[in-house]
Amino acid sequence: MQMRLGKKIEDKIFAWGLAAPSIIALTALSIYPFITAVQTSLYSINTISRESNFVGFDNYSWVLSSTIFWESLVRSFKWAIPGVILQLILAIICSLVLHQELKGRNFARGMVLIPYLIPNIVGSIVWRFMLNPTVGIINYILVDLLGVIDKPLMWLMQPKTALFAVILVGIWHFTPFMIILILGRLQTLPIELYDAAKIDGADSVQLFWFVTLPWIMPIILVAAMLRTIWLFNHFDLVYLMAFGGPMGATTTVPVLIYTTAFDNLRMGRAAAISMFLVIILLVASIAYTWSFSRAEERLRD
Amino acid sequence: MKSKLTSQTLTITTFLIVASLILGACATPTPETVEVEVIKTVEVEVEKEVEVEKIVEVLVTPTAPSLPEGGVKTIPFMTTESDPETVALFQEIIAEYETDHPDVRIDLVLTAHGSEEERLITANAVGAELGIVAIHPEFLVDYVEAGYLLTLDETVDGVGRDKFKTGAVLSQVGHDYALGYAAGNNATLWVRTDLLEEAGLEIPTNYDELLAAAKAMTKDTDGDGDIDIYGYGAPAAANGATWLRFNNFVWQNCGEYFDKQGNLAFDNPNVLEALKRYVALLEYAPPDVAGWSWFDGIIAMTAGTVAMHPYGGRLGYNIWRDKPELRENIKVVWGPYGDVKAGEGGYDYLAISANVRWPDEARDFMKFFFSGDRLARFNMTVPGHLIPPTEEIQAAMLAMEHPYGSEYTEDIKLLFDTANDTASAALFMGALETDTCTFNPVYNPMPWGGGIFGAAPIEAQMVEKVIVGGMSPEDAWTWAYTEMQRVADEWKAEHPDWVPAIDR
């Protein structure tokens, strides 16, 4: 009895000991900054001088009554949702192609990863040049080679096209991540399932619909949810492409947090905006966990 | 069993101790911060009473750590000057200093224009060492209040206080905090003389002539229906490049942001006239000016797609370097945007971050950089663009052997001379006295300047609203002066005891 009690305590100490580094790291890198952000959101803080006054929920009411916040929120959805949908569609098509036994398949699989490996700062500078109305190759192709438009498009200089251009660059950059996930899942698909379906007389569309898609569905959900969360939270590519402009047309919530903190020097307000972002991402995370377990259950059934 | 428990516990304890030691070692020494109440007696003529002003200043005295034998004192040096020639010269000067001071190493850190604030703020917030840093003057008051900068009084005295031109030394509450190593002249305009000649026009000397020249030089040269050369080009995006160009229009048309007492002046209709003039010229500019920043105008001039562009000396030098045959056909003139001889110009400053580990060595290097022929050599890396802070260095530069300097001496002289009619709106608040339309810049920092001229300056947003957003100039101007008033009111509400520097 004593031995068993001793072993229990010993196991607990060992378990806590193993968990301690993660707990310390998590506390230092996530929980402490989060608590600091919550605290900051309750103060009016000058970013430079760090002068602070307790203002209670004033920053939150400022956020809720601020038109720019709601506009940025809508823009964040516009940036994240269509981006994810298009990335998913492209990724499914590409991974199905790359799953076939084609010549040069391994080379193609390597090539498809390149956009994801290019740092955002490099990618954004290159794309800004390519989209430039005067010297950019995109307009040259559209106007001079293909003749599909009469005049160069002001991709990043007009509010109507700026976010669209950033979404396109986002698709170019992030789709390879989706391809890796889906392709990985496809490679685990048991060939017997196809054989059985073929014996039952399934054609290629039915094979995709009743065999391939259910198999890759859990990973599609994972990819979609993770990508939505990441894109919603994404800052660097959006900011580097158009710096939030023109006329705020690419100011998503993370960009607004940055400009509020560093351009307007209002750290408290920036923290309050980030709390709203936390709530949105928390809801998305719960939805992700729920849908993932449902998809797994379905697959088991 | 017991030994297993002991070994596990021992392993975990050892890990935690080692982790604590590593974390402890990573911590930077905290500078000693002394908050000093400086009681100053300021005589202000308010109903013949003497007002006593109490100014709280944060003086920071970092404690230099001890150096192990044979160790090297490393001082980071963060700069935004990233031209290859300039970087090479920096490295040359650093090598000279390190030869004389083998125990000191200067680490050159290149950073992007506009990122200075984030670097300084975040580094100070987390206690990271920055060393010698480039700063934006509009934030000086905040930096000094926050205790981010070391005083440079002795460095300024060591170089020679009287030598510096007005505005080259940034002072706050009786102490010097930053030194201007090069001024920029944003009031000059580069003109394609060959195209002007073709159009039968002289170099424009007033706004009407400028507008006519812009119109005349906007051409479809190959007859395909598209414009190939635009008469004029200037940025219209919400950035600093637009602000600095637009300010020339404000001052030359007898407008101002705030008067010397800090009262809003941007609501003066002269500013609206300035905006209308800026917008009218952009009718003859490429459509992509809506996204232009610093270098887009140089690119367009070099490509031959723009005939006139407001810029400092760099434009001429870059074209000479990249397309010398084109350089023969361009000339720099004073930008004629209005009737008042006033333009935007200001220094690029170096300061020392308060958390520097080796403050004496950092100050010594600053003195070294600003003395001898070093600053002249440095400023000659982009002749005519980097305008030195003293007349002495200016004369030395003009006497230097340099292929570009010798060929285009007149242009460089014009850039130097006209810089005397420029000032920074953020540092010389109320420089343009609107009641008499006279330019009288007196060092008088606008403490809320960070909110007005920050990363997306309000007046640049105003221009963008008109050019990109299609708003009427009247509505955009009304929006801009309302915003400026709001920023100033918010700042003043937080600093009720503030008095303009000019009244201290």
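From a predicted model like this one, the values you see are computed outputs, not experimental measurements. Each chain gets a letter, A, B and so on, in the order its sequence line appears, and its residues count up from 1.
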Interface moiety of [X] toward chain B, non-hydrogen atoms closer than 4.5 Å:
X: A:N132; result: side chain
X: A:P246; result: both
X: A:N264; result: neither

Would you indicate whether [X], at its atom [atom1], is surrounded by more than 12 heavy atoms from other residues, nucleotides or ligands within a distance under 6.0 Å?
X: A:I68; atom1: CD1; value: no
X: A:D150; atom1: CG; value: no
X: A:I137; atom1: CD1; value: no
X: A:F235; atom1: CZ; value: yes
X: A:F276; atom1: CZ; value: yes
X: A:Y116; atom1: OH; value: yes

- Query: By a 4.5 Å heavy-atom criterion (distance strictly below it), what part of B:P287 contacts chain A: side chain, backbone, both, or neither?
  - Reply: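 Both backbone and side chain.
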- Query: What are the two closest non-hydrogen atoms of A:M247 and B:E464, and how far apart are they?
  - Reply: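 That closest heavy-atom pairing would be N-OE1, 3.2 Å.
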- Which atoms form the tightest heavy-atom contact between A:K151 and B:D226, and what is the distance?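 Closest approach of A:K151 to B:D226, heavy atoms only: CE-OD1, 4.4 Å.
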- Item | Residue pair B:F139, A:L265: steps toward the side-chain contact (heavy atoms from CB on, under 4.5 Å) verdict | CA-CA 11 Å; B:F139 295 101; A:L265 306 176; 3.7 Å; yes
- Message: Is it the case that the side chain of B:E118 and the backbone of A:F262 share a donor-acceptor pair, with hydrogens and angles ignored and the cut-off at 3.5 Å?
- Response: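 Such a contact is absent between B:E118 side chain and A:F262 backbone.
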- Query: Can you tell me how far CD of A:Q158 sits from CG of B:D288, rounded to the nearest 0.5 angstrom?
  - Reply: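 One gets 11.0 Å once the value is rounded to the nearest 0.5 Å.
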